[in-house]
Amino acid sequence: RCRPAGAGLCTAYCGRCRYPSRLLPEMFGKAMLLNSVCAVLSGVVDSALVDKPGGLGLGVNAPFAVSVVLLLSLLVPAILLVMYRNATQGSNTTAALSPTADGTQRAGRIRQAWSIVVGNRDVQRALAAQALFETAIYMFVMNWNAAVHGPCPATKLYVAPLGWIYSTFMLGLALGSQLFTLSIQHPLLSVPHTCSAAFCVSGALFLLVVAVLKRGTTCAAFASGMWTLTLCFTFFETCCGVFYPSLNAIKGALFPNHVRSTLLGFGRVAQNALILTLLWASTSWTRPTLMLVVAGIVLLAALIAFQIQIPQHTERTATQTA
């Protein structure tokens with residue numbers, strides 16, 4: 001039951017206390033902005049720890065040691081928070097289900113989630129767009145470092161300031177979250193169309209990356225190409241900043257709460273299969289070829305995302321309830 005007015009927040013999820021869906025996209029955008037700011041600070045600190053000119057020069061292991069200290073410092077408040085939550089909700093918790101009943105419920109959720117996937121084309125499109133674009137993100141994460149160094153070994157010519165480049169990427173991510181927050185305020189721009197536009201820009205950026213990599217086959221020719229690639233990857237992170245809150249808003253509108261994790265699990269299976277296929281095939285590809293394939297995947301995701309339709313009554317109903 002809901003607590004009476006003035007008694008604090010409800011401990012149970014209910015219709016009266018539901019967060020208005022019209023505010024969810026803005027909340028996701030602000031959460032992405034805060035996450036990006038933390039990532040920018042981590043990149044600056046990492047660069048200060050590792051770099052010898054202008055930094056402490058403690059080596060590449062220093063950021064991992066600092067991260068362990070931060071995790072341990074957050075462990076105590078996390079334990080206290082869990083203990084407080086268990087204490088306040090202890091009287092409202094129900095008895096644990098038996099293994100048989102729990103397994104029956106899980107099987108029922110899987111069947112229900114699968115029926116939703118089969119019967120709802122918009123859910124299919126959302127899962128496919130997420131799997132394709134996140135595959136591109138994983139390919140980017142695993143290749144941007146080597147791409148920025150190009151044909152020049154890290155021990156020769158120039159070592160890219162990876163900490164500062166990462167901070168630049170995260171600034172692009174923060175910019176993307178702000179662009180998403182501005183776009184949802186425009187009456188003619190829907191969330192799927194905003195997401196599709198970000199995918200189109202990402203595809204164009206990967207095509208530019210392919211052109212730079214093919215042109216810079218030597219260290220001398222690649223000297224200026226490194227900064228061009230850094231700029232392209234930064235704008236790609238800006239598109240990722242648009243993608244993440246867009247995806248959360250689409251999932252909030254299309255995926256039922258009780259089977260949302262199961263639906264996402266179906267998408268992860270397809271995504272992992274695609275990632276493994278690309279990793280296996282890329283062993284015989286050049287890096288420009290891999291980036292060209294990634295560009296095609298992103299443009300396919302743009303075409304799929306453009307066709308997603310979010311029910312308009314969802315936002316109106318939530319607004320009236322609030």
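Computed from a predicted model, the values in this text were never measured in an experiment.
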With sequence neighbours excluded, what pairs up with [X] under the side chain to side chain contact (heavy atoms under 4.5 Å, CB included) test?
| X | answer |
| --- | --- |
| Thr262 | Arg109, Ile110, Ala113, Phe266 |
| Leu34 | none |
| Ala174 | Leu33, Ser36 |
| Ile79 | Leu75, Met83 |

Contacts table for residues 118-128: side-chain donor-acceptor under 3.5 angstrom, sequence neighbours left out:
unit_1: Asn120; atom_1: OD1; unit_2: Asp122; atom_2: N; d: 3.0
unit_1: Asn120; atom_1: OD1; unit_2: Val123; atom_2: N; d: 3.3
unit_1: Asp122; atom_1: OD1; unit_2: Arg125; atom_2: NH1; d: 3.1
unit_1: Asp122; atom_1: OD1; unit_2: Gln309; atom_2: N; d: 3.1
unit_1: Gln124; atom_1: NE2; unit_2: Val117; atom_2: O; d: 2.6
unit_1: Gln124; atom_1: NE2; unit_2: Val118; atom_2: O; d: 3.2
unit_1: Arg125; atom_1: NH1; unit_2: Gln307; atom_2: O; d: 3.4

Go through the structure and list residues passing side-chain hydrogen bond (donor to acceptor under 3.5 Å, both in side chains) with Thr286, not counting sequence neighbours.
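For Thr286 the side-chain hydrogen bond (donor to acceptor under 3.5 Å, both in side chains) partners, ignoring immediate neighbours, are Thr289.
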For Trp164, enumerate each residue passing the side-chain hydrogen bond (donor to acceptor under 3.5 Å, both in side chains) test, keeping only those at least two apart in sequence or located in another chain.
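Result, side-chain hydrogen bond (donor to acceptor under 3.5 Å, both in side chains) vs Trp164: Ser47.
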What's the shortest heavy-atom distance between Gly203 and Val298, and which atoms?
N-CG1, 3.5 Å
With sequence neighbours excluded, what pairs up with Arg268 under the salt bridge (charged side-chain N to carboxylate O under 4.0 Å, His left out) test?
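For Arg268 the salt bridge (charged side-chain N to carboxylate O under 4.0 Å, His left out) partners, ignoring immediate neighbours, are Glu134.
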Set of salt bridge (charged side-chain N to carboxylate O under 4.0 Å, His left out) partners for Arg287, sequence neighbours left out
none
Under the side chain to side chain donor-acceptor pair (under 3.5 Å) definition, can you give me all pairs with a residue in residues 229-243, not counting sequence neighbours?
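Listed by first then second residue: nothing to list.
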Please list all pairs passing the side chain to side chain donor-acceptor pair (under 3.5 Å) test where one or both residues lie in residues 192-213, with sequence neighbours left out.
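Qualifying pairs: Ser190-His193.
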With a 6.0 Å cut-off on ring centres, are Phe243 and Phe199 close enough?
yes
Students should find that the hydrophobic cluster of Leu81, defined by side-chain heavy atoms under 4.5 Å apart, otherwise consists of none
